[in-house]
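We name chains A, B, ... by the order of the sequence lines, and we start the count at 1 in each one. No experiment lies behind these values; they were computed from the predicted model shown.
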Amino acid sequence: MAAASCTLRSTPLPAAVGSPAARSLLAASTRPVRANQRCLVVKAQKRELMMWEALREGLDEEMERDPTVCLMGEDVGHYGGSYKVSHGLYKKYGDMRLLDTPICENGFMGMGVGAAMTGLRPIVEGMNMGFLLLAFNQISNNCGMLHYTSGGQFKVPMVIRGPGGVGRQLGAEHSQRLESYFQSIPGVQLVACSTAANSKALLKSAIRSDNPIIFFEHVLLYNVKGEVHGPDYCQCLERAELVREGTDVTIFCYSRMRYVVMQAVAELEKQGYNPEVVDLISLKPFDMETISKSIKKTRKAIIVEECMKTGGIGASLSAVIHESLFNELDHEVLRLSSQDVPTSYAYELEAATIVQPEKVVAAVHKVCGVRVAA
Amino acid sequence: MLAAVSSHAAGAARQALGGSLTLAAAGLQRRGLAASAATVEGDTLTVEVNPYKVHRIEAPPTTVTATKDELLSYFKQLYRLRRMEISADMLYKAKAIRGFCHLYDGQEAVIVGLEAALEKSDSIITSYRNHATHVARGGTVAEVIGELMGRTTGASKGKGGSMHMYRREANFFGGQGIVGAQVPLGAGLALAHQYSDTGGVAVAMYGDGAANQGQIFESFNMAALWDLPCIFVCENNHYGMGTAEWRAAKSPAFYTRGDYMPGMKVDGMDVLAVRQAFAYAKQYAVANGPIVLEMDTYRYHGHSMSDPGSTYRTRDEISSIRQQRDPVEHVRKLLLDNGLVEASVIKGIEKDTKKEIDAAIEASKAAPFPDMKELWTNIYAAPLGMQLRGIDSTHVETLAA
């Protein structure tokens with residue numbers, strides 16, 4: 001065997017897990033931090049980073065804290081990640097913990113599940129979420145269901161992350177929204193980050209969680225800048241974010257649609273509207289406390305999503321709202337979703353496939369009535 | 001060249017493929033007259049096993065030794081597993097077991113030989129044909145029968161069923177419903193051994209049908225690339241449900257399918273040959289990296305209880321294997337023909353085992369079914385008070401561990 005292939009076997013952990021020193025290291029670093037504790041602010045230190053840097057920082061912090069955390073995927077090691085999320089980390093943690101896999105999603109997803117069953121905390125990266133369709137069986141049947149089928153014996157504390165969503169003319173197969181397909185899988189949680197701050201804080205929680213978390217990033221958000229918190233700040237995975245407090249209507253969104261909505265909101269404010277904007281963050285389970293509190297206040301709901309019209313996150317949320325908050329609504333839920341078509345390469349067609357700010361403005365007009373600016 | 005015949009006309013298909021491509025001609029090993037070639041010294045038996053076929057590796061010696069006590073323990077386990085699977089057959093026909101039920105009778109020597117060579121700190125994962133694996137890993141027959149009958153006393157509290165048995169404390173990672181999907185998991189178990197430098201191995205078992213899955217090759221590639229301590233085991237019982245190996249695989253030499261990876265074909269009906277192979281393979285895997293073992297074995301039952309198992313193979317074939325290569329009989333003969341024990345000892349073991357199985361069945365029949373609240377448990381390791389809505393959306397269940 002070539003020398004390069006032996007590097008992995010001879011590269012030990014910083015402290016070999018299993019030795020007394022390592023065991024105490026593990027014990028100290030894996031004090032349970034439950035993701036549902038209200039946001040753990042120890043020292044809020046804020047700096048401005050791009051989302052990819054924020055994710056990288058969160059990853060680095062968690063890998064340093066817990067030697068069982070590792071990342072595996074295509075080009076995550078030496079290349080540093082196709083979106084730079086693991087840039088340079090292999091130099092610090094070695095090839096075993098930043099594992100460059102061959103191109104075999106079904107294989108390495110299953111491998112990640114097996115490793116997680118033994119007590120490691122792997123993060124499996126899909127270079128694009130769309131590629132994880134090849135790993136669907138492993139995600140659904142093994143990652144999602146092993147805790148149940150084993151009668152609670154095994155847990156799968158892994159994070160499956162990667163960018164999805166519609167980019168800039170990437171073509172149909174690289175523009176998919178897999179949250180639609182994954183949402184029915186029992187036993188997984190779905191989280192979508194949207195800002196530099198929440199991407200880092202949510203990723204940290206996801207890594208610490210004992211549940212399998214499917215963590216959705218977006219191809220067009222990696223360079224979004226924002227303030228990030230310090231190493232002890234973890235954000236609750238099951239809580240929605242109140243982006244803008246308002247009174248007229250609640251607009252639900254997630255991931256990149258948050259920015260589309262806020263662009264529409266800039267226009268709507270000029271027109272005299274006062275919308276409340278809620279970033280769902282938790283696509284499964286929905287944060288019904290925040291959702292119902294908002295609807296009870298505004299009595300009108302618009303969902304803005306990048307999923308297709310058929311079977312998306314919005315379809316599920318719309319059903320839930322109608323079923324549980326019917327009497328709180330003055331208007332049926334309006335749902336703005338992508339068209340049920342493959343995403344074209346052509347610029348105009350691609351733009352017409354997804355929700356644009358004008359559509360959000362029109363939807364608000366529809367539920368709130370047209371207003372004349374004050 | 002495909003013969004234009006239905007999958008049921010197995011005999012015709014074999015002829016169309018040119019000659020009598022029966023299992024015999026396909027290389028199914030004949031049992032050497034091992035019993036007569038054995039020698040005994042004190043309590044230790046020395047015997048020749050059938051030769052190993054090798055790929056990119058030296059074969060281990062075919063002369064093996066075993067003590068009387070070892071052989072007795074193997075016999076007891078083999079007999080126990082056999083009786084357990086037979087009883088599962090009866091319970092299934094009595095409709096006490098439903099759904100899919102894949103029986104292991106005929107293949108017992110593989111798991112017993114494996115356990116004789118390996119430790120409980122080594123990990124193992126296998127397919128849906130996993131009842132025997134659970135017991136071999138230290139589980140009880142009652143846990144298997146209980147699980148098959150869907151009771152709370154079952155290996156997975158009645159929530160997994162036949163294909164989903166696990167035993168965490170013995171590093172038995174299941175049980176798997178989807179053909180071949182356990183093999184990447186097995187590579188992950190091996191990765192974990194290397195990651196944590198345990199010195200142990202992971203065993204990933206699959207069948208001749210699964211051997212053609214793409215994810216098997218993905219696993220081979222990763223394991224070999226990183227020298228993972230993984231023993232891939234193809235339990236070749238020659239039929240992927242109703243499709244014979246020569247009708248599914250361009251190359252049914254499964255021990256060579258790892259290409260760059262060494263491999264060995266083993267007489268899977270002989271517990272001593274299997275033990276030798278696993279001891280050798282573990283040594284190899286820990287020092288060098290992955291290896292493929294092909295177990296030449298046979299299942300008496302059909303693929304599952306839904307498959308009679310006689311439409312694609314002849315009854316003569318089944319009975320001739322039973323007469324010539326039965327794994328339980330082989331060990332019984334080694335013990336009796338070489339004067340290691342009196343026949344009464346064997347009878348005693350058989351009687352006790354039957355009692356054990358009967359007691360397990362009675363206990364399982366009396367055990368409760370899972371309470372309705374179990375519908376909602378073990379969905380998440382950390383339920384966090386998540387809420388799920390019921391069938392008509394009016395019921396809201398707050399999840400607790």
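Counting heavy-atom pairs closer than 4.5 Å to chain B, the top-ranked of the candidates A:Q153, A:M109, A:M72 is A:Q153. The choice from A:I103, A:V113, A:T101, A:V188 that makes the most heavy-atom pairs within less than 4.5 Å of chain B is A:V188. The choice from A:A116, A:S150, A:C70 that makes the most heavy-atom pairs within less than 4.5 Å of chain B is A:S150. Here B:L189 is the residue among B:L189, B:I125, B:I216 with the most heavy-atom pairs under 4.5 Å with chain A. By number of non-hydrogen pairs under 4.5 angstrom with chain B, the leading residue of A:L134, A:D210, A:V320 is A:V320.
Interface residue A:F108: backbone and side-chain heavy atoms are both found under 4.5 Å from chain B. Interface remark: A:N137 contributes side-chain atoms only to the contact with chain B (heavy atom separation under 4.5 Å). Only the side chain of A:N142 comes within less than 4.5 Å of a heavy atom in chain B; its backbone stays farther off. There is no contact between B:F220 and chain A, counting heavy-atom distances below 4.5 Å. Heavy atoms of A:V156 lying under 4.5 Å from chain B are absent altogether. Contacts of A:S324 with chain B are absent, with no heavy-atom separation under 4.5 Å from either backbone or side chain. Proximity to chain A is limited to the backbone of B:A155, based on heavy atoms less than 4.5 angstrom apart. Of the two parts of A:M145, neither the backbone nor the side chain holds a non-hydrogen atom closer than 4.5 Å to a non-hydrogen atom of chain B. Using a 4.5 Å cut-off between heavy atoms, A:D100 contacts chain B through its backbone alone, with no side-chain atom that close.
Side-chain polar atoms of A:Y148 and B:S156 form no donor-acceptor pair below 3.5 angstrom.
The number of heavy atoms from other shown groups lying within 6.0 Å of CD (A:E323) is above 12. In this structure, B:M241 places its CE atom where only 12 or fewer heavy-atom neighbours from other residues, nucleotides or ligands lie under 6.0 Å away. More than 12 non-hydrogen atoms from other residues, nucleotides or ligands lie less than 6.0 angstrom from CD of B:E397. By the neighbour-count criterion of 12 heavy atoms within 6.0 Å, atom NZ of B:K120 is densely surrounded, having more than that number from other residues, nucleotides or ligands.
With contacts defined as side-chain heavy-atom distances shorter than 4.5 Å, the pair A:H147/B:T377 does not qualify. Residues B:W226 and A:D95 have side chains not in contact (no heavy-atom distance under 4.5 Å, counting atoms from C-beta outward).
Not a single donor-acceptor pair under 3.5 Å links the side chain of A:E238 to the backbone N or O of B:M386. A side-chain donor-acceptor contact under 3.5 Å links A:Q138 to the backbone of B:A181. The backbone N or O of B:Y380 sits nowhere less than 3.5 Å from a side-chain atom of A:N211 that would complete a donor-acceptor pair.
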Evaluate the criterion side-chain contact (heavy atoms from CB on, under 4.5 Å) for residue pair B:L191 and A:M96; output intermediate values, then yes/no. CA-CA 9 Å; B:L191 181 79; A:M96 172 67 95; 3.9 Å; yes
Give the intermediate values and the outcome of side-chain contact (heavy atoms from CB on, under 4.5 Å) for residues B:Q176 and A:T149. CA-CA 10 Å; B:Q176 174 71 216; A:T149 59; over 6 Å; no
Please walk me through it: do A:T68 and B:S196 pass side-chain contact (heavy atoms from CB on, under 4.5 Å)? CA-CA 9 Å; A:T68 66; B:S196 304; over 6 Å; no
Can A:T118 and B:Y195 be said to form a side chain to side chain donor-acceptor pair (under 3.5 Å), step by step? CA-CA 11 Å; A:T118 70; B:Y195 191 103; over 6 Å; no
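Here CZ of A:F154 is found 8.5 Å from OH of B:Y166. Values are rounded to the nearest 0.5 Å. The distance from atom CZ of B:F217 to atom SG of A:C104, rounded to the nearest 0.5 Å, is 13.0 Å. In this structure, CG in A:L146 is found 8.5 Å from NE2 in B:H164, a value given to the nearest 0.5 Å. Remark: A:K155 NZ to B:R168 CZ distance equals 7.5 Å, nearest 0.5 Å. Taking CE of B:M222 as the reference point, atom CG of A:L99 lies at 8.5 Å (rounded to 0.5 Å).
Contacts between residues 366-376 of chain B and chain A, defined by a heavy-atom separation under 4.5 Å, are made by B:E374, B:L375.
Every residue meeting the side chain to side chain contact (heavy atoms under 4.5 Å, CB included) condition with B:T398, not counting sequence neighbours, appears here in chain and number order: B:Q387.
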